[in-house]
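Please read the structure below before turning to the comments.
The first residue of the sequence shown is numbered 1, and numbering continues consecutively from there.
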Amino acid sequence: MSKLKNIKETELQLRGKWLGRLSETINCIPWEASAETWQFTYVGPQAVRILGYPIHQWYEKRFWTDHIHPEDRESTIDFCLNASQTFKDYEFEYRMIAADGSVVWLSDIVTVESVDGTTQTLRGFMIDITKRRMSAQELQALSGRLLQVQEVERQRIARELHDQLSQDLALVSIEIEQLCQKASESHPHLAEQLERLAMKTQEMTSQVQTFSRQLHPSQLTDLGLVTASRSLCNEISKASNVQIDFSHSDLPNSIPQEVSVCLYRVLQDSLGNIVKHSGTRKAQVELAGHPGEIQLQVCDFGIGSDPGIRKVTFGLGLVSMRERLHSAGGTLLVESQPSAGTRIQARVPFPVPVSSN
């Protein structure tokens with residue numbers, strides 16, 4: 001019995017040493033704090049390596065709140081206050097300022113301990129996710145650059161379609177019409193064939209011009225977002241028999257090209273999804289300026305979808321919209337329910353004060 005007890009004690013000691021080495025090597029800070037004062041009662045030694053402050057400073061009043069990144073401080077504190085009151089464990093991400101002035105991203109996993117309906121103690125692990133966050137930011141920046149390159153290439157191809165191929169087809173159409181006039185008396189059957197060929201050539205010219213506008217609408221550059229968006233709504237409405245009501249309000253007089261392109265492409269993808277999948281005969285589009293941002297809202301009154309089906313229905317279109325908005329610092333909200341239609345809201349930050357058109 002004594003021998004078995006010694007073996008178990010040895011195993012516990014070895015396990016304790018192993019856990020000690022593990023906790024000292026991983027980029028994670030174990031901690032414990034009072035739920036009432038938020039003052040730390042324990043902070044692991046890893047805190048020195050990750051953030052650089054001596055351990056004794058962590059036990060000072062307001063240390064944690066004072067060292068949260070200023071841009072994250074208010075939202076982080078509000079979140080913690082609300083989450084702790086639910087008596088449920090929670091996880092969140094935020095930035096802290098290290099002793100050397102650098103920014104460290106942390107993922108905080110918190111366990112809430114309550115007694116008699118009152119939160120007493122908070123325990124958790126602050127995991128250093130700076131590298132992961134930086135990688136995500138680099139990928140987002142790369143995605144933004146790729147979208148910019150894509151737009152430049154679209155503009156080049158659209159220009160070639162409009163300036164070269166469209167003009168060549170127009171010349172061919174004119175020559176066919178001239179041949180048709182010559183053959184109309186002596187070769188009426190041939191003239192009839194030439195007329196059909198001329199009509200087909202005109203249709204091809206119209207299609208090329210449509211492709212050119214879809215790739216890069218000249219109106220967006222020359223006349224601005226409102227005119228280009230209204231024109232797109234009218235064009236899709238005529239082609240699909242879907243009534244699209246367009247409105248705008250309180251937009252700035254000047255909108256940067258990158259913001260205009262972003263919102264225009266989101267509108268283009270949204271309307272494409274409505275025509276293909278919603279089954280509706282009516283949709284609404286609204287462009288509106290708000291303090292600090294521009295909003296695009298696209299609503300339909302179609303079949304809608306549940307969240308699981310939505311991923312399949314929107315497919316790459318939804319991914320493209322999110323990527324564009326992320327590259328512009330914006331956000332995308334998609335709300336849809338079966339038989340209740342779909343609402344897409346895109347928001348792009350715009351620091352210039354909004355003035356009515």
Side-chain angles (χ1 to χ4, degrees), residues 144 147-148 150-151 154-155 158 210 212-278 280-302 304 310 314 317-336 340-357:
L147 287 172
Q148 290 176 358
Q150 183 188 64
E151 286 299 333
R154 281 186 171 193
Q155 188 173 4
T210 299
S212 176
R213 287 195 301 273
Q214 289 175 344
L215 281 169
H216 186 80
S218 58
Q219 286 184 333
L220 190 61
T221 304
D222 299 337
L223 302 176
L225 178 61
V226 171
T227 301
S229 298
R230 181 187 290 111
S231 178
L232 177 65
C233 291
N234 291 337
E235 183 179 315
I236 293 179
S237 183
K238 291 178 182 178
S240 63
N241 292 321
V242 175
Q243 179 185 335
I244 303 174
D245 298 328
F246 174 81
S247 63
H248 66 92
S249 61
D250 299 326
L251 289 168
N253 294 324
S254 178
I255 301 175
Q257 187 68 14
E258 59 270 20
V259 174
S260 295
V261 170
C262 173
L263 291 172
Y264 182 88
R265 293 301 183 198
V266 171
L267 175 60
Q268 196 173 40
D269 287 340
S270 300
L271 293 178
N273 281 323
I274 287 174
V275 171
K276 292 178 182 177
H277 305 295
S278 73
T280 189
R281 285 288 172 238
K282 185 176 181 180
Q284 293 178 343
V285 174
E286 180 186 8
L287 271 171
H290 297 272
E293 66 180 24
I294 297 176
Q295 290 185 11
L296 166 67
Q297 185 164 275
V298 184
C299 301
D300 70 64
F301 306 92
R310 191 183 311 154
F314 284 93
L318 184 58
V319 175
S320 175
M321 284 189 268
R322 290 194 188 282
E323 287 296 325
R324 287 186 179 280
L325 287 162
H326 285 166
S327 68
T331 58
L332 181 71
L333 173 66
V334 180
E335 296 179 340
S336 184
T342 300
R343 181 174 76 97
I344 295 177
Q345 185 185 70
R347 304 169 66 178
V348 178
F350 193 81
V352 178
V354 174
S355 59
S356 178
N357 274 355

Next item on the list: Report yes if some heavy atom in the side chain of Ser229 is under 4.5 Å from a heavy atom in the side chain of Leu287; otherwise report no.
Entry: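 Yes, their side chains come closer than 4.5 Å.
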Check: Between Ser270 and Thr342, is any pair of side-chain heavy atoms under 4.5 Å apart?
Finding: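 Answer no - side chains too far apart.
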Who passes side-chain contact (heavy atoms from CB on, under 4.5 Å) against [X], sequence neighbours left out?
| X | result |
| --- | --- |
| Arg281 | Val242 |
| Phe301 | Thr280, Lys282, Gln284 |
| Ala228 | Gln219, Leu220, Tyr264 |

Exercise: identify the closest heavy-atom pair between [X] and [Y]:
| X | Y | value |
| --- | --- | --- |
| Gly289 | Leu251 | N-CD2, 3.8 Å |
| Phe350 | Ser254 | CZ-O, 3.5 Å |
| Val285 | Cys233 | CG2-SG, 4.0 Å |
| Arg324 | Cys262 | O-SG, 3.6 Å |

Next item on the list: Evaluate side chain to side chain contact (heavy atoms under 4.5 Å, CB included) for Thr331 paired with Leu325, printing each intermediate quantity in order.
Entry: CA-CA 6 Å; Thr331 58; Leu325 287 162; over 6 Å; no
Next item on the list: Step by step, work out the side chain to side chain contact (heavy atoms under 4.5 Å, CB included) result for Arg343 and Leu333.
Entry: CA-CA 8 Å; Arg343 181 174 76 97; Leu333 173 66; 3.5 Å; yes
Please report the interatomic distance [atom1]([X]) to [atom2]([Y]), rounded to the nearest 0.5 Å.
| X | Y | atom1 | atom2 | result |
| --- | --- | --- | --- | --- |
| Asn273 | Met321 | CG | CE | 5.5 Å |
| Leu263 | Glu258 | CG | CD | 11.0 Å |
| Leu232 | Arg265 | CG | CZ | 9.5 Å |

Checklist line | side-chain hydrogen bond (donor to acceptor under 3.5 Å, both in side chains) partners for Asp245, two or more places apart | finding: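 Partners of Asp245 by the side-chain hydrogen bond (donor to acceptor under 3.5 Å, both in side chains) criterion, ordered by chain and then number, come out as Gln243.
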Next item on the list: For Arg347, check salt bridge (Lys or Arg N to Asp or Glu O under 4.0 Å) against everything at least two apart and list the hits.
Entry: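 Only Glu293 meet the salt bridge (Lys or Arg N to Asp or Glu O under 4.0 Å) criterion with Arg347.
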